[in-house]
Participant: 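This is the structure I want to talk about, given as structure tokens.
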Amino acid sequence: DAGVIQSPRHEVTEMGQEVTLRCKPISGHNSLFWYRQTMMRGLELLIYFNNNVPIDDSGMPEDRFSAKMPNASFSTLKIQPSEPRDSAVYFCAASQGVNSPLHFGNGTRLTVT
Amino acid sequence: QQQVKQSPQSLIVQKGGISIINCAYENTAFDYFPWYQQFPGKGPALLIAIRPDVSEKKEGRFTISFNKSAKQFSLHIMDSQPGDSATYFCAAIASNTGKLIFGQGTTLQVKP
């Protein structure tokens, strides 16, 4: 079991550019979560999916953010256009259902200059 | 809106001492309270969890104490070791929402 795999590990981009973060969840884990971590705001839930369907996207900060889960083995978080305040570590996590442990990937550190 | 408040923000403990981290919540619909441990460059990992029908849960050197009436819960690390140095997050979830909400985190340093 390789765990939750995120790519890239680091992303540096200029303001205004499009950024796409990728996540491969654990096979059989039907809930997928995207979190953002910053020093100021801690771990914030952006959006989560259940069986590939978005359930709650109330944490998505702006229309510049979008997330998709086209199948059970892949999800993306896109920021277009990116801004310096989007700089953070973005985590993808997967679980087998409510009250089951969340298994986090190692995150993508995004820097927008 | 901070639904789970965690303190202290940072903690320094001598090796062999007891580390105590506290959390408080507001939403009475929360029905599952996990703690996560995070090392630098890694994602958080589940450490221990408790449900509100239990007042205490112990796993090795880690104990959760839960006070439902006060809406507070805490993590105790007994015989703290330098390897325990990490950031600890309390969290809470309401089953009907499926949303896991994290506290702000506590950075623990255990001095040898």
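To find a chain, count down the sequence lines: A is the first, B the second, and so on, and within it residues start at 1.
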Participant: Assess whether atom CZ of A:R109 is packed by more than 12 heavy atoms of other residues, nucleotides or ligands within 6.0 Å.
Facilitator: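 Atom CZ in A:R109 is not packed in, count stays at 12 or less.
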
Participant: Using non-hydrogen atoms and a 4.5 Å limit, figure out which bit of B:T97 sits close to chain A: side chain, backbone, both or neither.
Facilitator: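 For B:T97, the contact with chain A is made by the backbone alone.
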
Participant: Who wins among B:G105, B:A45, B:G41 for the most heavy-atom pairs under 4.5 Å with chain A?
Facilitator: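 Answer, by heavy-atom pair count under 4.5 Å with chain A: B:G41.
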
Participant: Would you check if the side chain of B:Y36 reaches a backbone N or O of A:L102 as a donor-acceptor pair within less than 3.5 Å?
Facilitator: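 Checked: pair present.
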
Participant: Below 4.5 Å from any heavy atom of chain B, which atoms of A:S58 appear? Answer side chain, backbone, both or neither.
Facilitator: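 Just its side chain gets close to chain B.
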
Participant: Hey, is CG on B:D53 packed in by over 12 heavy atoms from elsewhere, all under 6.0 Å?
Facilitator: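 Count over threshold, so yes.
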
Participant: For the atom pair NZ (B:K99) and CG (A:L45), what is the distance rounded to the nearest 0.5 Å?
Facilitator: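 If we round to the nearest 0.5 Å, B:K99:NZ and A:L45:CG are 6.0 Å apart.
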
Participant: Are A:M60 and A:Y48 connected into the same hydrophobic cluster when the rule is that any two of I, L, V, M, F, W, Y join if their side-chain heavy atoms are below 4.5 Å apart?
Facilitator: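 In one cluster with A:Y48: A:M60, no.
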
Participant: Any chance CD of A:E14 has more than 12 other-residue heavy atoms, nucleotides or ligands included, within less than 6.0 Å?
Facilitator: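 12 or below, so no.
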
Participant: To the nearest 0.5 angstrom, please state how far the CD atom of B:Q104 sits from the CG atom of A:L43.
Facilitator: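 B:Q104 CD to A:L43 CG: 9.0 Å, rounded to 0.5 Å.
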
Participant: Just wondering, do A:F33 and B:L100 contact through their side chains at under 4.5 Å, heavy atoms?
Facilitator: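 Not touching, per the 4.5 Å side-chain cut-off.
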
Participant: Within a strict 4.5 Å, meaning less than it, do heavy atoms of the B:P44 and A:Y35 side chains meet?
Facilitator: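 The answer is no, as the side chains (C-beta and beyond) never meet within the 4.5 Å cut-off.
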
Participant: What I'd like to find out is whether the side chain of A:Q37 reaches to under 4.5 Å of the side chain of B:F102, using heavy atoms alone.
Facilitator: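 A side-chain contact under 4.5 Å is absent here.
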
Participant: Could you measure the distance from the OG atom of A:S100 to the CD1 atom of B:I93? Nearest 0.5 Å is fine.
Facilitator: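 Between atom OG of A:S100 and atom CD1 of B:I93 there are 9.0 Å.
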
Participant: How far does CD of B:Q38 sit from CZ of A:F91, to the nearest 0.5 angstrom?
Facilitator: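 Result: 4.5 Å between the selected atoms.
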
Participant: For the CD atom on B:Q9, are there more than 12 heavy atoms of other groups (residues, nucleotides or ligands in this structure) within a distance under 6.0 Å?
Facilitator: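 For B:Q9, atom CD is not crowded (no more than 12 foreign heavy atoms under 6.0 Å).
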
Participant: So for A:R9, is it side chain, backbone, both, or neither that comes closer than 4.5 Å to the heavy atoms of chain B?
Facilitator: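 Only the side chain of A:R9 comes within 4.5 Å of chain B.
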
